[in-house]
Amino acid sequence: MKIEDLKKLTPSFYTQKNVLAVAKSLLGKLLVTQFNNQLTISRIVETEAYEGITDKASHAYNNRRTTRTEIMFGNGGFSYVYLCYGVHYLFNVVTHTINHPHAVLIRATEPIVGIEAMLERTGKLTLDYSLTKGPGNVAKAMGINKLHSGINLQSNELFIADDGYKIFTNNILATKRIGVDYAGEDALLPYRFIVKDNLYVSGKKSQNIAV
DNA sequence: CCAATGATTGCCT
DNA sequence: GGCAATCATTGGC
């Protein structure tokens, strides 16, 4: 796979008003990073939607606008990366338009290109499903950190592409979001989307992958 | 200024 | 299943 063959998702994809539709559409798309000339690609299999100022689980809830979340208040199509628990970077895609701080968290992917680099970045010796299972692991394997917050997803170093791979609607499951119990009734919203039976989806025990 | 905390993970029992 | 790691950000004083 060559980077010039990959078709980036357009700005109008990201500025859609329905963040749930975007979160679902992102399933099956390719997350591409090329930092320091190292190409890594993985396929998105789990997402979570954060619906702006009315969503108690969102960093932008109640129009809370801070230095960290400022990028969410800008136009869709940019990355929002932040440090969680002082330990893990989580990669989000900003959606909707200016002053509508919606975002989609990428929670799990399936490694496609640059697996050696991913193993090196994560300090793993062998490939198993934990390599890109869970949002912290996705960012680590793809080489995404705080420096990559606010990047335009039309950039060549970080973007999402469509290679024609289709996920059918009946293979998508919606569940409540993970780790947002503090959000009261909003913690129950079915805003997490997963590819049915995909072994990289978070929450299952990892096992070795047959070669 | 400073204490509290989290959109998690992995190791321990 | 329980919990420690670890720190930028946040909000209160």
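First the proteins, then the strands, lettered A, B, ... as listed; each starts at 1.
- Whole-Å rounding puts the A:Arg192 CZ to B:dT8 P distance at 10 Å.
- Toward the 5′ end of DNA chain C lies the nearest nucleotide of A:Tyr85, the other residue of the pair A:Thr69 and A:Tyr85 mapping further downstream.
- For A:Asn198 (side chain) and A:Val45 (main-chain N/O), no donor-acceptor pair under 3.5 Å exists by modelled atom type.
- No aromatic stack links A:Tyr182 and the base of B:dG6, using centre distance under 5.5 Å and interplanar angle under 30°.
- Here B:dA7 presents its C1' atom at 13 Å from CG of A:Asp186, a figure rounded to the nearest Å.
- Between A:Ile178 atom CD1 and B:dG6 atom C1' the separation is 15 Å, expressed in whole Å.
- At least one side-chain nitrogen or oxygen of A:Arg68 sits closer than 4.0 Å to the OP1 or OP2 atom of C:dT10.
- The side chain of A:Val180 has B:dA7 as its nearest neighbour among B:dA7, B:dT8, C:dT9.
- Side-chain polar atoms of A:Thr33 and A:Thr40 form a donor-acceptor pair below 3.5 angstrom.
- Between the CG atom of A:Asp128 and the P atom of B:dT9 there is a distance of 13 Å, rounded to whole Å.
- As rounded to whole Å, 11 Å separates atom P of B:dC11 from atom NE2 of A:His88.
- Here the side chain of A:Arg64 is nearest to one of C:dT10, C:dA8, C:dT6, namely C:dT10.
- For the pair A:Leu131 CG and B:dT9 P, the interatomic distance rounds to 13 Å; values are reported in whole Å.
- Nearest nucleotide to the A:Tyr82 side chain, out of C:dT10, B:dA7, B:dT9: B:dA7.
- Judged by distance alone, the side chain of A:Asn36 and the main-chain N or O of A:Gln38 form no donor-acceptor pair under 3.5 Å.
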Problem set entry | Derivation of the ring pair (Phe, Tyr, Trp, His ring centres under 6.0 Å) call for A:Tyr82 and A:His59 | CA-CA 11 Å; A:Tyr82 76 97; A:His59 290 166; 4.6 Å; yes

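- The C1' atoms of B:dT5 and C:dC3 are separated by 16 Å, rounded to the nearest whole Å.
- Out of B:dA7, B:dT8, B:dG10, the shortest distance to the side chain of A:Asn137 is found at B:dG10.
- Look at A:Thr66 and you'll find a side-chain N or O under 4.0 angstrom from OP1 or OP2 of C:dT10.
- Rounded to whole Å, atom C1' of C:dT10 lies 15 Å from atom CD of A:Glu70.
- Relative to the side chain of A:Leu83, the nucleotides B:dA7, C:dA8, B:dT9 differ in distance, and C:dA8 lies closest.
- B:dA7 is unpaired under the Watson-Crick or G-U wobble criterion, no partner having all donor-acceptor distances under 3.5 Å.
- In this structure a side-chain-to-backbone donor-acceptor pair under 3.5 Å is missing from A:Arg177 to A:Leu189.
- The nearest whole Å value for the distance from the NZ atom in A:Lys133 to the P atom in B:dT9 is 10 Å.
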